[in-house]
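Read the structure below first, then the notes.
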Amino acid sequence: MSKIPEELRYLDTHEWVRVEGDKAYVGITDYAQDQLGDVVFVELPEEGEEFEQKDSIAVVESVKAAADIYAPISGTVLAVNEALEDNPELVNEDPYGEGWMFTLSIDNEEELEEMLTAEGYKKVLEEEA
Amino acid sequence: MTSLKRTPLFEVHQQLGGKMVPFAGWEMPVQYTGIIDETKVTRTKATLFDIAHMGQIQVTGSEAEEFLQRVVTNDVSRLKVNQAQYTFLCRENGGTIDDILVYRLDESKYLLVVNASNADKDFDWLTQQRQGNVQVDNLSAEEGQLALQGPAAAEILAKLTDTDIAEIKYFRLIPEVEVAGVKCLVSRTGYTGEDGFELYSSREHLVTLWEALLEAGATAGLIPAGLGARDVLRLEAGLPLYGNELDEDISPLEAGQNFFVKLDKNVDFIGKAALQKQLDEGLTRRLVGFETLERAIPRGGYDIFHEGENIGQVTSGSFSPTLGKVIGFGFVNPKWGAVGTELAIQVRRRLVKAQVVSLPFYRREK
């Protein structure tokens, strides 16, 4: 079974968000990395770029496929995980930790509230199975 | 939707943690430990593949050679008993029905190993073209095969048989070898660019054979590998995949497979006139290998440009774990097919720099 940490919020497109102070860390879920298989590149956004919720913001390339990553909330890119440049496998090995992709400013708290809880995301996976 | 077929190893794959996916009407393992790991182990040790989804067609009869000479592009008359040959079945227009292996089992008996997706189509085509004293039988439901690939393959296989399998030369076979008590045809062939063997036996014995091989190979590092690694390995080795580099609208010459098309053989084989015409008039596209100079993976269908002009499309692309770079195949205008030619490939919203490189991408040291 894939891991779904309780404290995170999710999109049905398999992104997660972790709020730390006034910034939101974003990555892909354990289920998503498992479905993609070995990740070989991550195309990250530029710091300072602004995105609307659900915009395509990054791309994960595995050996098998490319997957779009969507902005879970509207905001400005504050930082990107540069470690993924040389170690894209971190996305597979530690999707909720070292495999984070970027942080966004939180422009609209309501968007966070609308995201799925761990329970809600678990239901999404059950429907996909 | 018709249900997917399963090989006798389906439950074994599940127990081994294989991730099952639909492929050519079959439910097959795409990976176990991961595509990169399975690719590297194939290049350094050995891996075992379930390829029982592939089709097997037997052609027998006193006129079997004449028949095959008429339907395949390679020269079957040069094939000795216990030798294998790679070849194509073509339509009259030169389009490729399938790419296949032909094994000569005796003077009047051949085994054709065909792609899973094309097995029924090939059988129907061969049956329709049949003439004279020739019998065509589809053995796909009864016979199966495994592939043992990698530098340790010979050492592993030797543990399970009294036959001197090291003596089998590349593209040769021994028709009756007892491996772990199972009667097999063993050929020194494969689709990975590595040394290795393909083992053919009755489907009912595949599980026994599989388990014996994995056990015998454990100390040498043998692991099972799935279709994901198989696809990467064949791409690295510069081998075409039917459905990507070959199909009914692509001729073997366009796919750069001239060596396996014998226009000089003394037979008017099906497709010969069209292929000769392509050669005389010049091709309008040809398959090239490329590597990207930036970090991005061009996938099948992406457009290829040269100096702003769209000159073709990608057919396959992947990260190569062996070479540590991104490689791929594409069809381009032959004007731009020379090694070193700069290309730009549209990957989503950007143009990625690439260049034409020589094939194969990877060649093993002998």
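Letters A, B, ... are given to chains in the order of the sequence lines, protein chains preceding strands, and every chain is numbered from 1.
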Inset, instruction - Take atom CZ of B:Arg363 as the centre, draw a 6.0 Å sphere, and report whether it contains more than 12 heavy atoms from other residues, nucleotides or ligands. - result: no
Legend entry - B:Gln355 side chain vs B:Ala344 backbone, donor-acceptor pair below 3.5 Å: no
Legend entry - Which atom of B:Leu4 lies closest to which atom of B:Pro22, heavy atoms considered: CD1-CB, 3.8 Å
Inset, instruction - Show the numbers, then the answer: is there a side-chain contact (heavy atoms from CB on, under 4.5 Å) between B:Val288 and B:Ile304? - result: CA-CA 11 Å; B:Val288 296; B:Ile304 303 174; 5.8 Å; no
Legend entry - B:Gly144 to B:Ala52 - nearest heavy-atom pair and separation: CA-CB, 4.3 Å
Inset, instruction - Kindly give the heavy-atom pair with the smallest separation between B:Ile156 and B:Leu213, and that separation in Å. - result: CG2-O, 4.1 Å
Scan chain B against chain A and return every donor-acceptor pair whose distance is under 3.5 Å.
{"residue": "B:Lys19", "atom": "NZ", "partner": "A:Asp34", "partner atom": "O", "Å": "2.2"}
{"residue": "B:Ile35", "atom": "N", "partner": "A:Asp38", "partner atom": "OD2", "Å": "3.1"}
{"residue": "B:Ile36", "atom": "N", "partner": "A:Asp38", "partner atom": "OD2", "Å": "2.7"}
{"residue": "B:Arg295", "atom": "NH1", "partner": "A:Glu85", "partner atom": "O", "Å": "3.4"}
{"residue": "B:Arg295", "atom": "NH2", "partner": "A:Glu85", "partner atom": "O", "Å": "2.4"}
{"residue": "B:Arg299", "atom": "NE", "partner": "A:Glu61", "partner atom": "OE1", "Å": "3.3"}
{"residue": "B:Arg299", "atom": "NH1", "partner": "A:Val63", "partner atom": "O", "Å": "2.9"}
{"residue": "B:Arg299", "atom": "NH1", "partner": "A:Lys64", "partner atom": "O", "Å": "3.2"}
{"residue": "B:Arg299", "atom": "NH2", "partner": "A:Glu61", "partner atom": "OE1", "Å": "2.5"}
{"residue": "B:Arg299", "atom": "NH2", "partner": "A:Ser62", "partner atom": "O", "Å": "2.7"}
{"residue": "B:Arg299", "atom": "NH2", "partner": "A:Ala65", "partner atom": "O", "Å": "3.2"}
{"residue": "B:Arg348", "atom": "NH1", "partner": "A:Glu61", "partner atom": "OE2", "Å": "3.3"}
{"residue": "B:Arg348", "atom": "NH2", "partner": "A:Glu43", "partner atom": "OE2", "Å": "2.8"}
{"residue": "B:Arg348", "atom": "NH2", "partner": "A:Glu61", "partner atom": "OE2", "Å": "3.0"}

